[in-house]
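Right, one structure below, let's go through it.
This structure is a prediction, so every number in the text was calculated from the model and none was measured. As the structure lists them, so they are numbered: ligands from 1, and atoms in each ligand from 1.
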Amino acid sequence: MKRTFAAITLMSLLLAACGSESPSVNGESPSPSASGAPAPTVSTSPSPSPSPSLSPSPSPSPSPSPVPTEAPKAYKMNKNYDMIPIDPAGNKKVVLLTFDDGPKEKGMIDGLINTLDKHKAKAIFFVNGYRIKEHPELLKLIHDRGQVIGNHSYDHISLRKETNDKVDYQIGEVQKQVKEVTGTTPVFFRPPFGEGSDYVREKAKKENLLYMTWSNGSLDWDLPKNSTDKPQAVIDNVMKQLHPGSNILMHELAWTVETLDNLLTQLEAKGYSFVDPRSIDTQQIPQ
Ligand SMILES: [Zn+2]
């Protein structure tokens with residue numbers, strides 16, 4: 001039974017992957033707060049979240065791996081959207097990994113998560129409702145493979161000037177969808193293009209969502225057209241803005257999938273580890 005279901009799912013995914021690519025262009029603007037060189041923090045504490053290594057099997061987990069739902073709260077977000085340890089003596093040399101605008105394609109999602117697993121890293125996948133509607137099984141895949149789902153609005157529109165009713169729908173509907181598909185409700189929200197308003201923040205709070213943009217934009221969505229080495233350009237952009245607590249914005253894009261392993265290796269070489277989103281205390285008010 002299960003195998004048949006898996007085969008059907010796989011086939012529908014393969015078919016879907018043949019469809020033409022959506023022309024969605026993410027015009028998110030660069031970080032307002034990219035700070036310069038990394039601070040000379042000395043910290044050698046290990047990654048806060050040793051995770052069980054998951055099978056890289058391409059089929060929807062034959063033996064379901066346990067999906068962690070809770071972790072001890074060790075980090076909070078500041079007003080710059082950086083992650084800082086709650087314990088002042090905690091490890092400051094961390095980054096938060098985030099991937100926006102999916103779920104689009106199984107191949108890219110598996111590619112990203114295989115690499116995350118290799119580095120024992122967890123990330124937030126900020127998803128859009130219209131994409132969940134097209135591919136609920138891809139949302140489930142992200143969840144079942146132990147990664148964290150965030151709310152990125154239904155239509156990926158700028159919410160800054162929208163009516164309260166529309167904002168309610170754009171955020172509320174995705175909360176419902178994710179709950180329906182995965183059984184859990186998101187606790188992270190990122191407005192498309194980083195464009196919010198007082199009401200958007202209020203609505204996020206009402207939904208128990210931690211509102212964030214980012215503090216290190218990889219610019220993977222806006223690389224020069226003539227860029228000959230997009231994977232390297234993504235790494236260069238992140239490294240230029242790297243600082244303790246960096247909240248790194250990336251997307252479900254082919255060159256980001258390609259470069260992620262190298263990027264994470266280079267971050268580790270600089271002594272950085274990866275914040276488990278589940279270890280972020282979303283109830284703390286950013287200061
Ligand atoms: Zn986006």
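Contact between Lys104 and Leu138 at its shortest, heavy atoms only, is O-CD1, 3.4 Å. Listed here is the closest heavy atom pair of Asn128 and His152: ND2-O, 2.8 Å.
More than 12 heavy atoms of other residues, nucleotides or ligands sit less than 6.0 Å from atom CG of Asp87.
Under 4.0 Å is where a charged nitrogen must lie from a carboxylate oxygen, and between Lys205 and Glu202 no such pair does.
As for Asp101, its N/O/S atom nearest the Zn ion (ligand 1) is the one called OD1. Closest approach between the Zn ion (ligand 1) and any N/O/S atom of His152 involves NE2.
Residue side and main chain included, His156 places an N/O/S atom under 2.8 Å of the Zn ion (ligand 1).
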